[in-house]
Amino acid sequence: MESPSLSTFPTKESYGILKLGDCMNEKLEKIIDFIVLMDKMKTIERRTKLIFQDTRENDAEHSFHITLMASILQEYAPDADLQKTMEMCLVHDIVEIDAGDTFAYDEEGYKTKKDREQKAAQRIFGILPKKMGSYYKGLWGEFEEGKSPEAQFANAMDRMQPILNNIYNHGGTWNEYEVSWNQLMGRMEPIRRFSEELFIFLAERAKEYFEDAPHTL
């Protein structure tokens with residue numbers, strides 16, 4: 001399902017809201033504009049389905065889920081700053097408001113993903129006051145690089161959540177899109193680097209849904 005274009009997203013005027021600059025300072029107006037835009041996260045559909053339901057999750061649900069997972073699984077990342085990791089989880093998919101969701105196994109989509117998301121990051125985080133926008137854009141960029149302890153933790157949570165959904169949905173989108181075991185292993189590499197224990201836990205449970213999975217990991 002294609003996300004609605006920005007031109008169809010309600011404006012402040014369509015909500016009947018007065019221009020905030022009439023009664024508030026410019027900084028707060030920018031912050032509120034950004035907050036209102038974040039409502040669109042709820043309209044961006046992903047391929048992963050909700051557990052035990054024939055409904056695809058959206059970006060807001062996914063971001064909430066992995067943020068909570070980071071809080072609960074923080075013992076696996078003793079060197080990571082938890083607040084920074086959770087903030088990273090919350091902002092990591094914000095660029096999809098403009099760029100759209102790119103399916104994990106869409107090779108053609110990945111050819112343009114970086115450019116689309118860079119342009120989106122520039123515009124969306126640019127809505128915020130300069131210092132604040134630079135901070136959150138920096139978090140997003142750090143997540144994309146995947147090098148810091150926080151980025152490795154957040155990336156692991158991002159990859160882990162849809163895998164859990166597919167396991168509990170008896171193969172879920174793996175079956176729907178004929179995903180191979182090797183493709184899954186590629187997606188799971190950030191989890192393996194982050195925690196061998198979490199990787200083994202997931203892989204052992206996922207392999208029953210793949211005919212080409214090895215008997216032993």
For I94 and F34, the nearest pair of non-hydrogen atoms, with its separation, is CD1-CZ, 4.1 Å
**Asked** Salt-bridged, R47 to E176, with N to O below 4.0 Å?
**Response** no
Same cluster (ILVMFWY, side-chain, under 4.5 Å), I163 and L68:
no
*Is the side chain of E61 donor-acceptor paired with the backbone N or O of N58 at a distance under 3.5 Å, no angle test?*
yes
inquiry  = Check whether N155 reaches the backbone of E145 with its side chain - one donor and one acceptor, N or O, closer than 3.5 Å.
reply    = no
Discussion item. Let me check something: do M38 and F64 share a hydrophobic cluster, defined by ILVMFWY side-chain heavy atoms less than 4.5 Å apart, either directly or through other members?
Written reply: no
Between D106 and G109 the two heavy atoms that sit nearest each other are OD1-N, 2.9 Å
> Heavy-atom count around D54 CG within 6.0 Å, excluding the residue itself: above 12?
Replying inline: no
- According to the interplanar angle, ranging from 0 to 90°, do the rings of F52 and Y168 count as parallel (below 30°), tilted (30 to 60°) or perpendicular (above 60°)? perpendicular
(Q) Any carboxylate oxygen within less than 4.0 angstrom of a Lys/Arg side-chain nitrogen, looking at K30 and E26? (A) yes
In this structure, CE of M157 is separated from CD1 of I66 (nearest 0.5 Å) by 8.5 Å
Okay, side chain of Q152, backbone of K147: is any donor-acceptor separation there less than 3.5 Å?
yes
Output for pair (K113 NZ, D115 CG), nearest 0.5 Å, gives 11.5 Å
key: Pair E117 + K114, salt bridge at N-O below 4.0 Å   = no
Below 4.0 angstrom, N of the basic side chain to O of the carboxylate: do E189 and R192 qualify?
-> yes
Checklist line | Residue E211 excluded, over 12 heavy atoms near CD under 6.0 Å | finding: no
* N/O donor-acceptor pair under 3.5 Å between N169 side chain and K49 backbone -> yes
Quick one: does R205's side chain have a donor or acceptor within less than 3.5 Å of a partner on F201's backbone?
yes
With H62 as partner, the option from T48, D101, N165, D158 fulfilling side-chain hydrogen bond (donor to acceptor under 3.5 Å, both in side chains) is D158
Checklist entry - Is any side-chain heavy atom of L139 closer than 4.5 Å to a side-chain heavy atom of K84? => result yes
Original post:
Are the side chain of E57 and the backbone of L50 linked by a donor-acceptor contact shorter than 3.5 Å?
Top reply: no
In terms of heavy-atom contacts, G172 and N166 come closest through CA-OD1, 3.5 Å
Worksheet item: Under the 3.5 angstrom rule, does the side chain of S63 hit a backbone N or O of A60 as a donor-acceptor pair?
Response: no
>> Just checking Y76 against F194, ring centres under 6.0 Å apart?
In response: no
All heavy atoms of A77 vs all of F153, minimum pair found to be CB-CD2, 3.4 Å
Mutual orientation of the aromatic rings belonging to W181 and F210 [parallel < 30°, tilted 30-60°, perpendicular > 60°]:
perpendicular
When every non-hydrogen atom of A99 is compared with those of R116, the smallest separation belongs to O-NH1, 2.8 Å
Here the pair of heavy atoms bringing A203 nearest to M188 is N-CE, 3.9 Å
Kindly say whether E96 contributes a backbone atom to a donor-acceptor pair with the side chain of D93 at under 3.5 angstrom?
-> no
Are the aromatic ring centres of F103 and Y177 under 6.0 angstrom apart? yes
> Would you say the side-chain atoms of T173 and R56 include a donor-acceptor pair closer than 3.5 Å?
Replying inline: no
CG (N182) and CZ (R187) are apart, to the nearest 0.5 Å, by 15.0 Å
**Asked** For atom CD of Q74, is the number of surrounding heavy atoms from other residues, nucleotides or ligands below 6.0 Å larger than 12?
**Response** yes
So CD of E108 and OG1 of T102: to nearest 0.5 Å the spacing works out to 12.0 Å
